Amino acid sequence: MRTSILGGEVVGRGLLGKVDGRTGVALGMVGLLAGWLWLGIGGVAGTIVGISVLLVGVTVLYPWNGQRSVAAGWVRRWRFLVRRRRGVTAFTAEPGSEQAVLPPPLGRVAPLDLAGTPHEDMFILRHSNPGETPYLSVVMEVDGQPQGLRTVAEFESASARYGVMLSQLARDGSFLRGLQQINRILPHDPARHRAFVAARVSERPGIEALVKSYEDLIDLTAHTAEQHRNYLVARFPLNGEFAAAARRHGQGETGWAGLVREELARLADLVSRADLVRPRVLGEQRTCAVLRSMQDPAFPVDQHEGIRWHNCWQDYRSDRGHMTVNDRWLHRVAVVPRDGIGAVPLGPHWLAPLLVEVNPAVIRTLSVRMEFVPARIARARAVRDVTVDGASRHNAAEKGQVGDGTDDLLLSASRRRLDDLSPGSGHHGVDWSMALSVTAADEGELARASTRVGNAAANCAIGRLEWQDTWHDAAAITTYPLARGMAVPK
């Protein structure tokens with residue numbers, strides 16, 4: 001059986017474990033301050049003051065629970081209050097305006113102006129936010145794998161072909177450097193089926209009981225029936241290599257669109273080989289209809305007439321525990337942390353409980369961002385990690401220390417990556433992030449839906465979800481088809 005292990009990175013490999021760069025700087029400053037007080041005051045008093053400052057600083061700044069420190073919690077709450085005072089936690093759309101008024105977390109993003117070019121049927125967004133390399137994004141919809149009874153071997157084969165697709169996208173010469181996979185799950189709307197049946201039911205007397213029984217069956221299954229929509233979002237960094245290749249297709253944005261069209265044709269071919277059905281690139285109306293429906297599920301995802309980039313954004317306000325859209329839909333967003341997935345073998349169906357086994361049905365979106373890493377870079381990372389992990393375990397063995405299994409787990413994970421990336425394997429590296437959103441009509445139902453989704457995630461070997469309280473308005477962007485949700489190394 002083909003399996004993968006995504007977990008295993010239970011701690012960081014730095015000197016301070018899970019501490020990030022900013023927390024490390026803060027701890028260093030606390031250490032310097034404690035030393036300065038110790039030497040400056042001198043004597044017993046200086047020793048007491050220095051040690052006290054050091055203990056308080058480490059207690060407040062270090063993430064003892066593995067998630068965030070006490071200071072980080074204070075900062076999050078303070079930043080939420082500042083953002084609320086500045087008015088960026090609420091957004092009011094201007095439906096009559098021809099200019100796009102965007103929610104603040106989106107930053108700088110706008111469609112390419114392709115009118116009058118051979119590519120005017122395409123809808124390509126250009127993202128140019130400070131601190132990151134500008135990039136283009138395009139949405140492709142797929143129908144998922146074919147329906148019907150399929151054997152385990154067939155699912156494993158499809159999983160392997162999907163891996164081959166990612167390897168092809170990660171190779172040198174590919175300008176598509178990132179991919180976002182979105183699974184949108186909505187309760188099935190039986191209205192169209194009812195109309196279909198009603199138009200074909202005979203009006204002969206005596207069958208009223210049969211019709212009533214069928215109506216009862218529809219009502220009985222409505223709370224568990226779901227529809228699934230699947231999207232792939234291609235991400236093209238606007239770097240020097242992309243610009244040079246785009247000039248073969250034309251100048252400026254026309255050349256960009258020409259190169260993107262060429263890369264999307266290759267992606268569609270790879271997607272079809274990966275057993276995903278009917279890949280199709282979405283234009284402006286259909287892309288914006290998807291964005292609008294993700295904000296407000298009352299708008300059907302296929303209702304796209306008249307919807308454009310400038311009028312697809314909905315009113316919202318963000319509170320500590322959720323975001324409210326159009327005063328009728330509440331959203332919560334969670335991120336799956338790197339160490340949240342158990343270090344156990346995961347088969348092709350490992351996410352099935354979260355995708356198809358949440359009962360009663362919950363409106364939810366699962367988004368996975370993947371950034372491809374060329375094999376040579378990923379191999380160098382793996383060599384470095386194996387060296388660090390091996391040295392750590394060797395030092396512990398020399399000192400006779402008994403560990404809790406963390407060192408063994410880290411070394412196993414880094415060796416496994418190095419074996420997978422061996423020259424000639426055809427494998428490349430990938431950085432990934434996973435986020436999910438839950439939507440309900442009131443706070444009570446939202447709390448119950450969050451619990452049901454959390455229970456389903458636990459059945460997927462996901463041991464912990466980090467709910468983005470105080471940040472739901474910004475975190476929701478990671479679940480939209482915009483290729484957001486993770487930092488990308490430059």
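Here the structure is a predicted model, which means the values were calculated and not measured.
Atom-to-atom distance recorded for Leu112:CG and Arg126:CZ is 8.0 Å, nearest 0.5 angstrom. In this structure, the separation between CE on Met434 and CD on Gln181 is 9.0 Å, given to the nearest 0.5 Å. Note: Asn183 CG to Leu436 CG = 11.0 Å, rounded to the nearest 0.5 Å. To the nearest 0.5 angstrom, Ser318 atom OG is 6.5 Å from Arg83 atom CZ. Distance CZ/Arg332 to CE/Met323: 12.5 Å, rounded to 0.5 Å. Note that CH2 of Trp309 is 9.5 Å distant from OG1 of Thr287, once rounded to the nearest 0.5 Å.
In terms of modelled atom types and a separation under 3.5 Å, the side chain of Ser174 and the main chain of Ala170 share no donor-acceptor contact. Panel note: side chain Asp319, backbone His322; no donor-acceptor pair is recorded below 3.5 Å. Within the 3.5 Å criterion, the main-chain N or O of Ala447 finds a donor-acceptor partner in the side chain of Thr451. Side-chain atoms of Arg484 never come within 3.5 Å of backbone atoms of Arg369 as a donor-acceptor pair (strictly under, hydrogens ignored). The backbone N or O of Cys312 lies less than 3.5 Å from a partner atom in the side chain of Gln314, making a donor-acceptor pair. No donor-acceptor pair under 3.5 Å is formed between the side chain of Asn359 and the backbone N or O of Ala361. Looking only at distances, no side-chain donor or acceptor of Asp385 sits under 3.5 Å from a matching main-chain atom of Ser414. Checked by atom type and distance alone, the side chain of Gln295 pairs as donor or acceptor with a backbone atom of Leu291 at under 3.5 Å.
Ionic pairing of Arg235 and Glu371 is present here: one or more N-O contacts between side-chain nitrogen and carboxylate oxygen are shorter than 4.0 angstrom. Between Arg415 and Asp420 there is no salt bridge, since no side-chain N of the basic residue sits under 4.0 Å from a carboxylate O of the acidic one. Salt bridge annotation for Asp327-Arg317: present, with a cationic side-chain nitrogen under 4.0 angstrom from a carboxylate oxygen. Between Glu226 and Arg184 there is no salt bridge, since none of the side-chain N atoms of the basic residue sits less than 4.0 Å from a carboxylate O of the acidic one.
Evaluation of the side-chain hydrogen bond (donor to acceptor under 3.5 Å, both in side chains) rule for Glu241 yields no partner, not counting sequence neighbours. In this structure, the salt bridge (charged side-chain N to carboxylate O under 4.0 Å, His left out) partners of Asp296, at least two apart in sequence or on a different chain, are Arg328. Scanning for ring pair (Phe, Tyr, Trp, His ring centres under 6.0 Å) contacts around His310 gives an empty result, with sequence neighbours left out. For Phe123, there are no ring pair (Phe, Tyr, Trp, His ring centres under 6.0 Å) partners two or more places apart in sequence or in a different chain. Remark: Ser437 engages no residue in a side-chain hydrogen bond (donor to acceptor under 3.5 Å, both in side chains) (not counting sequence neighbours). In this view, Phe80 satisfies the ring pair (Phe, Tyr, Trp, His ring centres under 6.0 Å) rule with no residue, not counting sequence neighbours. Legend: residues meeting side-chain hydrogen bond (donor to acceptor under 3.5 Å, both in side chains) with Arg79, ordered by chain and number and at least two apart, are absent. For Glu263, the side-chain hydrogen bond (donor to acceptor under 3.5 Å, both in side chains) partners at least two apart in sequence or on another chain are Arg266. Residues forming a ring pair (Phe, Tyr, Trp, His ring centres under 6.0 Å) with Tyr316 (at least two apart in sequence, or on another chain): Phe91.
The minimum heavy-atom distance linking Thr478 with Ser367 is given by the pair O-OG, 3.2 Å. Residues His127 and Ser137 approach most closely at NE2-OG, 2.8 Å, considering heavy atoms. The two atoms that bring Pro360 and Arg452 nearest to each other are O-NE, 3.4 Å, heavy atoms only. Residues Val290 and Pro481 share a closest heavy-atom pair of CG1-CG, 4.2 Å. Contact detail for Ala449 and Val362: the closest heavy-atom pair is CB-CG1, 3.7 Å. When all heavy atoms of Val373 and His428 are compared, the pair lying nearest together is O-CB, 3.5 Å.
Residues Asp473 and Pro103 form no side-chain contact, since every pair of their non-hydrogen atoms from C-beta on lies 4.5 Å or further apart. Residues Val438 and Ile363 form no side-chain contact, since every pair of their non-hydrogen atoms from C-beta on lies 4.5 Å or further apart. Using a 4.5 Å heavy-atom cutoff, the side chains of Leu465 and Val335 are not in contact. Between Phe175 and Leu259 the shortest side-chain heavy-atom distance falls below 4.5 Å. Contact check for Leu366 versus Ile182: no side-chain heavy atoms found under the 4.5 Å cut-off. Counting heavy atoms from C-beta on, the side chains of Val138 and Val233 never come closer than 4.5 Å. The side-chain heavy atoms of Asp431 and Arg381, taken from C-beta on, include a pair separated by under 4.5 Å. Side-chain contact between Trp256 and Leu238 is present, with heavy atoms from C-beta onward closer than 4.5 Å.
Among residue pairs with one or both ends in residues 163-172, those qualifying as side-chain hydrogen bond (donor to acceptor under 3.5 Å, both in side chains) are Asp172-Arg376; sequence neighbours excluded. The list of side-chain hydrogen bond (donor to acceptor under 3.5 Å, both in side chains) pairs with a residue in residues 32-44, not counting sequence neighbours, reads Trp38-Thr47. The ring pair (Phe, Tyr, Trp, His ring centres under 6.0 Å) pairs that include a residue from residues 454-488 number zero, where partners must be two or more places apart or lie in different chains.
Phe372 does not carry Arg177 over the face of its six-membered ring by the limits of under 6.0 Å from the centre and within 45° of the normal.
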**Item:** side-chain contact (heavy atoms from CB on, under 4.5 Å) between Leu418 and Arg379, intermediate numbers included
**Value:** CA-CA 6 Å; Leu418 187 58; Arg379 198 176 298 123; 4.1 Å; yes
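Judged purely by distance below 3.5 Å, without hydrogens or angles, the side chains of Asn326 and Asp315 never pair a donor atom with an acceptor atom.
Applying the 6.0 Å contact sphere to CD of Glu443 captures no more than 12 heavy atoms from other residues, nucleotides or ligands.
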